[in-house]
Amino acid sequence: MSAESEAAGPVRWRAAMEAALYGPGGFYVRRGGPGPAGHFRTSVHASGLYAGAVARLLLWVDAELGRPAGLDLVDVGAGRGELLTGVLAALPAEVAARVRPRAVERAERPAGLDPRIVWAPAPPERTTGLLFANEWLDNVPLEVAEDGRYVLVAPDGTESPGGPLDAADRAWLERWWPGGGRAEIGRPRDEAWAAAAGSVERGLAVAVDYAHTRAARPPYGTLTGFRAGREVAPVPDGGCDVTAHVALDACAGPGAVLLTQREALRSLGVSGARPPLALATTDPAAYVRALAAAGEAAELTSATGLGAFGWLVQPVGIPAWPGDGGG
């Protein structure tokens with residue numbers, strides 16, 4: 001569906017998001033410019049410590065798999081390949097030589113990307129290793145509902161009531177977002193995650209995103225936009241990101257574990273603890289570097305910021321998390 005076809009009148013939010021984000025000239029597929037990083041900042045952009053933590057998680061997965069000859073690292077919603085680039089740089093040479101890095105992205109491959117990285121629009125059919133999706137699911141288009149009806153939206157962001165919900169969407173709301181009012185129907189995210197995680201034959205599938213759970217759904221939803229570093233109204237004109245938080249508990253499959261980013265990163269060695277003051281005397285340069293790293297770690301693990309993100313960890317044939325004895 002093209003942006004031009006949307007100009008005729010209001011449509012349901014899922015179609016409007018699809019056109020605005022991924023249609024011709026859409027926010028995520030347009031050529032040139034700074035790309036999404038010019039409009040919002042993710043954990044990947046906040047600090048190289050994030051890629052280092054993902055590298056340590058991959059090393060753990062590698063050990064659990066018996067260090068296979070080919071170790072898959074699949075980045076779903078890869079942006080411009082920043083995370084994969086950082087993880088490859090953080091890995092020991094012996095492991096990096098066995099890694100098969102794949103960026104899953106609908107935009108064109110960026111110039112100058114590491115030639116080892118395969119660029120593709122979909123995950124591989126079979127993955128042995130780590131499939132990682134950082135802030136991907138929040139951009140999977142979905143429907144918005146209010147009082148049992150779909151919400152329609154015009155290209156300028158003006159909303160109007162639509163028709164009654166179909167049976168599948170109504171059943172999803174009854175199970176996962178009961179109570180009426182305004183809600184975001186996460187069924188397309190459930191299906192997208194099941195397909196991506198289903199490609200993992202052995203290893204882990206991890207989704208990281210803005211999230212909420214059934215016990216604490218936001219009463220008015222979370223649909224919003226980002227443009228040039230600022231939160232704005234969600235206008236599906238292709239000029240801004242249009243996003244909604246993810247019902248990660250609805251996405252979770254059998255054996256999945258839900259963590260906060262604060263919990264996940266701390267268990268992977270990312271700490272915001274300040275370096276000892278004595279280091280400032282014995283090695284001032286090292287102290288400054290450690291202090292900067294502590295500040296970056298504090299941002300990544302802040303309980304009121306990035307640290308509140310949800311991590312959905314889906315194991316296949318290995319424990320769900322380092323230190324977890326379950327399979």
Side-chain angles (χ1 to χ4, degrees), residues 42-44 47-78 81-104 114 116-118 120 122-137 193-209 248 251-271 300-301 309-327:
T42 72
S43 296
V44 176
S47 173
L49 295 175
Y50 191 77
V54 176
R56 287 190 289 277
L57 181 59
L58 180 61
L59 290 173
W60 175 79
V61 171
D62 183 40
E64 290 293 325
L65 294 174
R67 297 180 174 83
L71 178 65
D72 293 314
L73 174 59
V74 181
D75 183 7
V76 184
E82 301 96 332
L83 179 60
L84 283 175
T85 300
V87 172
L88 288 172
L91 290 171
E94 181 277 325
V95 179
R98 292 187 286 109
V99 168
R100 298 181 295 215
R102 184 184 183 98
V104 178
D114 189 322
R116 292 175 293 176
I117 297 174
V118 174
E125 291 185 3
R126 298 177 179 84
T127 296
T128 299
L130 175 63
L131 181 144
F132 200 87
N134 183 71
E135 293 195 44
W136 167 57
L137 287 173
W193 179 245
S199 72
V200 179
E201 290 191 323
R202 289 191 70 216
L204 283 187
V206 180
V208 182
D209 233 308
L248 280 180
C251 297
V257 172
L258 289 173
L259 304 167
T260 66
Q261 176 155 294
R262 182 181 179 88
E263 294 168 331
L265 291 185
R266 284 188 165 184
S267 72
L268 292 170
V270 178
S271 170
L300 290 173
T301 59
F309 272 43
W311 281 47
L312 168 58
V313 182
Q314 186 74 51
V316 182
I318 66 172
W321 194 251
D324 178 7

Check your understanding: Is there a side-chain contact between Pro68 and Asp62 (heavy atoms, below 4.5 Å)?
Key -> yes
Review point. For the side chain to side chain contact (heavy atoms under 4.5 Å, CB included) test, which of Leu130, Leu49, Leu59 pairs with Val54?
Key: Leu130
Point to revise | Any Leu265 side-chain heavy atom under 4.5 Å of Tyr50 side chain | key: yes
Check your understanding: Is the side chain of Arg102 donor-acceptor paired with the backbone N or O of Ala122 at a distance under 3.5 Å, no angle test?
Key -> yes
Check your understanding: Short question: side chain of Asp72, backbone of Thr128 - any donor-acceptor pair under 3.5 Å?
Key -> yes
Exercise for review: Output the distance between atom CG (Leu259) and atom CG (Leu312), rounded to the nearest 0.5 Å.
Suggested key: 9.5 Å
Exercise for review: Provide the closest heavy-atom pair for Pro315 versus Gly255 in the form atom of the first, atom of the second, distance.
Suggested key: CD-O, 3.4 Å
Review point. Do Leu268 and Trp321 touch side chain to side chain, with heavy atoms closer than 4.5 Å?
Key: yes
**Study point:** Check: Trp136 and Trp193 side chains under 4.5 Å, non-hydrogen atoms
**Key:** yes
Exercise for review: Given side chain to side chain contact (heavy atoms under 4.5 Å, CB included), test Trp60 with Glu64 step by step and report yes or no.
Suggested key: CA-CA 6 Å; Trp60 175 79; Glu64 290 293 325; 3.6 Å; yes
Review point. Given side chains that start at C-beta, do those of Ser199 and Leu131 come closer than 4.5 Å, heavy atoms only?
Key: yes
Review point. Do you know which two heavy atoms are closest between Val61 and Gly129, and how far apart they sit?
Key: CG1-O, 3.7 Å
Check your understanding: Under a 4.5 Å cut-off applied to non-hydrogen side-chain atoms, are Leu91 and Arg98 in contact?
Key -> no
Review point. To the nearest 0.5 Å, what is the distance between CG (Leu65) and CD1 (Ile318)?
Key: 5.5 Å
Point to revise | Sidechain-backbone polar pair: Arg262 side chain, Thr301 backbone, donor-acceptor under 3.5 Å | key: yes
Check your understanding: Please walk me through it: do Phe132 and Leu58 pass side chain to side chain contact (heavy atoms under 4.5 Å, CB included)?
Key -> CA-CA 10 Å; Phe132 200 87; Leu58 180 61; over 6 Å; no
Exercise for review: Could you tell me whether the side chain of Pro123 reaches within less than 4.5 Å of the side chain of Val200, counting heavy atoms only?
Suggested key: no
Exercise for review: Could you walk me through whether Trp311 and Leu248 pass side chain to side chain contact (heavy atoms under 4.5 Å, CB included), step by step?
Suggested key: CA-CA 8 Å; Trp311 281 47; Leu248 280 180; over 6 Å; no
Practice item. Any chance you could lay out the side chain to side chain contact (heavy atoms under 4.5 Å, CB included) test for Ile117 and Asp75, step after step, and finish with the verdict? Key: CA-CA 10 Å; Ile117 297 174; Asp75 183 7; over 6 Å; no
**Study point:** Backbone of Gly253 reached by a side-chain donor or acceptor of Gln314 within 3.5 Å
**Key:** yes
Exercise for review: Measure the shortest side-chain to side-chain distance between Asp114 and Leu84 over non-hydrogen atoms and say whether it is less than 4.5 angstrom.
Suggested key: no
Check your understanding: Considering all heavy atoms of both residues, which atom of Ala320 and which atom of Leu204 are nearest to each other, and what is their separation?
Key -> O-CD2, 3.8 Å
Review point. What pair of heavy atoms forms the shortest contact from Val44 to Leu83, and how long is it?
Key: CG1-N, 3.8 Å
Revision key, fill the gap. In this structure, OG1 of Thr127 is separated from CD of Glu201 (nearest 0.5 Å) by 8.0 Å
Practice item. List the atom of Leu137, the atom of Ala207, and the distance in Å for their closest heavy-atom pair. Key: CD1-CB, 3.9 Å
